[in-house]
Amino acid sequence: MSDKLEKISDCIKTGNSDDIAKLTQEAVDEGVSISDIMQKGLFAGMDVVGERFKRNDMFIPEVLRSAKAMHASMDVLRPLMTESDTSSTLGTVVMATVQGDLHDIGKNLVGMMLEGAGFNVIDMGIDRTTEDIVAEVKKSKASLLGLSALLTTTMPKMEEVIEALKAEGLRDQVKVMIGGAPVTEDFKNEIGADIYAPNASIASELTVKAVKG
């Protein structure tokens, strides 16, 4: 790993948003490939963050700072990325909190962890209708859909989304991950989802495993 890539990775681990954009631009100017900056700098750093979070050596505010640093670097890289750069990601993930539910901290954290693992993440936000979610899956050709619900009253919307994906002939192309405080493994089995993630680090781990087969 070059000195610049190591420093970029360190910025991710420490949540240093102030220096990472400058380091990223310097790496680009020195001819380091965008793929290497992402894989050996950003994703390598987020791998460490994910492991620390899993071991309770890092907590949500620290993970959010690391994610902010990663976004600062990506702001430099995104305008320079070619089709070959974007195709090197693990795939596209659509994230949404289901209709009637306004909670998003868990969803946002999962999205950041997945982006750090190398996915292209489309975050639809909160209170999204089944129709909008299915339309986005279809438009983006997502390989994974993450659904969040923090209320027992909104949990049935997850099953509604899955049934709508079936009706549109999209269910076979996309894996469905569900999560949220009231959600369980039994509920996942009941509604026919593919993945239940009790927290963000496990969500990232299970998603990578599912996509890589």
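Throughout, residue positions are numbered sequentially from 1 according to the sequence presented.
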Requested in this report: Check the pair R128 / E136 against salt bridge (Lys or Arg N to Asp or Glu O under 4.0 Å), numbers first and verdict last.
Outcome: CA-CA 11 Å; R128 297 312 301 255; E136 184 58 54; over 6 Å; no
Requested in this report: Mind running side-chain contact (heavy atoms from CB on, under 4.5 Å) on L80 and I34 for me, showing each step along the way?
Outcome: CA-CA 8 Å; L80 308 173; I34 291 174; 3.6 Å; yes
Query raised in the report: Does the salt bridge (Lys or Arg N to Asp or Glu O under 4.0 Å) test come out yes or no for D194 and R171, once each step is laid out?
Result: CA-CA 11 Å; D194 300 292; R171 185 64 184 93; 2.8 Å; yes
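Under a hydrophobic-cluster definition in which Ile, Leu, Val, Met, Phe, Trp and Tyr are linked whenever side-chain heavy atoms come within less than 4.5 Å, directly or via other members, V76 and M74 are assigned to different clusters. Note on V121 and V208: same hydrophobic cluster, where clusters join Ile, Leu, Val, Met, Phe, Trp and Tyr whose side-chain heavy atoms are under 4.5 Å apart, directly or indirectly. Clustering ILVMFWY residues whenever any of their side-chain heavy atoms sit less than 4.5 angstrom apart, transitively, puts V28 in the very cluster that holds F43.
Rounded to the nearest 0.5 Å, atoms CG (D29) and CD (Q25) are 4.5 Å apart. The structure places OG of S17 at 10.5 Å from CE of M70, a figure rounded to the nearest 0.5 Å. Summarising the geometry, atom OG1 belonging to T24 is positioned 12.5 Å from atom NZ belonging to K7; distances are rounded to the nearest 0.5 Å. Between the CG atom of D19 and the OG atom of S73 there is a distance of 12.0 Å, given to the nearest 0.5 Å. In this structure, CD1 in I195 is found 7.0 Å from NZ in K175, a value given to the nearest 0.5 Å.
Across all non-hydrogen atoms, the minimal contact from V32 to D36 is CG1-CB, 4.0 Å. In terms of heavy atoms, L150 sits closest to G180 at CD2-CA, 4.2 Å. Here the shortest heavy-atom pairing between A69 and I20 reads O-CG2, 3.3 Å. A200 and F53 get closest at one heavy-atom pair: CB-CE2, 4.0 Å. Residues M112 and A67 approach most closely at SD-CB, 3.4 Å, considering heavy atoms. Heavy-atom minimum distance, L90 versus A117: CD1-O, 3.5 Å.
Sorted by first then second residue, the salt bridge (charged side-chain N to carboxylate O under 4.0 Å, His left out) pairs that include residues 140-160, not counting sequence neighbours, are K157-E160. The salt bridge (charged side-chain N to carboxylate O under 4.0 Å, His left out) pairs that include a residue from residues 104-113 are K107-D123, where partners are two or more places apart or lie in different chains. Within the structure, salt bridge (charged side-chain N to carboxylate O under 4.0 Å, His left out) pairs that include any residue of residues 93-103 do not occur (at least two apart or interchain).
E115 has no carboxylate O lying under 4.0 Å from a charged side-chain N of K68, or vice versa, which leaves the two without a salt bridge.
Remark: side-chain polar atoms of T154 are paired, donor with acceptor, to backbone N or O of L151 under 3.5 angstrom. A side-chain donor-acceptor contact under 3.5 Å links T97 to the backbone of H103. Remark: side-chain polar atoms of S66 are paired, donor with acceptor, to backbone N or O of I12 under 3.5 angstrom. No side-chain donor-acceptor contact under 3.5 Å links S9 to the backbone of L5.
Residue L145 belongs to a hydrophobic cluster whose other members are V94, V98, I122, M124, I133, V134, V137, L147, M155, M158, V161, I162, L165, L170, V174, V176, I178, V183, F187, I191, Y196, with links defined by side-chain heavy atoms closer than 4.5 Å. Summarising the hydrophobic clusters (Ile, Leu, Val, Met, Phe, Trp, Tyr; side-chain heavy atoms under 4.5 Å, direct or chained), the residues clustered with I105 are none.
Residues E205 and K54 meet the side-chain proximity criterion, which asks for heavy atoms closer than 4.5 Å. Here the side chains of M95 and L114 are in contact, with some heavy-atom distance below 4.5 Å. You'll find the side chain of I8 reaches within 4.5 Å of the side chain of L42, heavy atoms only. No side-chain heavy atom of T92 sits under 4.5 Å from any side-chain heavy atom of L144. Counting heavy atoms from C-beta outward, M113 and T207 have side chains that stay 4.5 Å or more apart. Annotation: side chain of K40 is not in contact with side chain of I37 (no heavy-atom distance under 4.5 Å).
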Run the side-chain donor-acceptor check on residues 56-64: report pairs under 3.5 Å with partners two or more places apart or on a different chain.
unit_1	atom_1	unit_2	atom_2	d
D57	OD2	R55	NE	2.9
D57	OD2	R55	NH2	3.2
E62	OE1	F59	N	2.7

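More than 12 heavy atoms of other residues, nucleotides or ligands sit less than 6.0 Å from atom NZ of K188. Counted within 6.0 Å of NZ on K13, heavy atoms from surrounding residues, nucleotides or ligands total more than 12; the atom is thus considered enclosed.
When only modelled atom types and interatomic distance are considered, N189 and D186 share no side-chain donor-acceptor pair under 3.5 Å.
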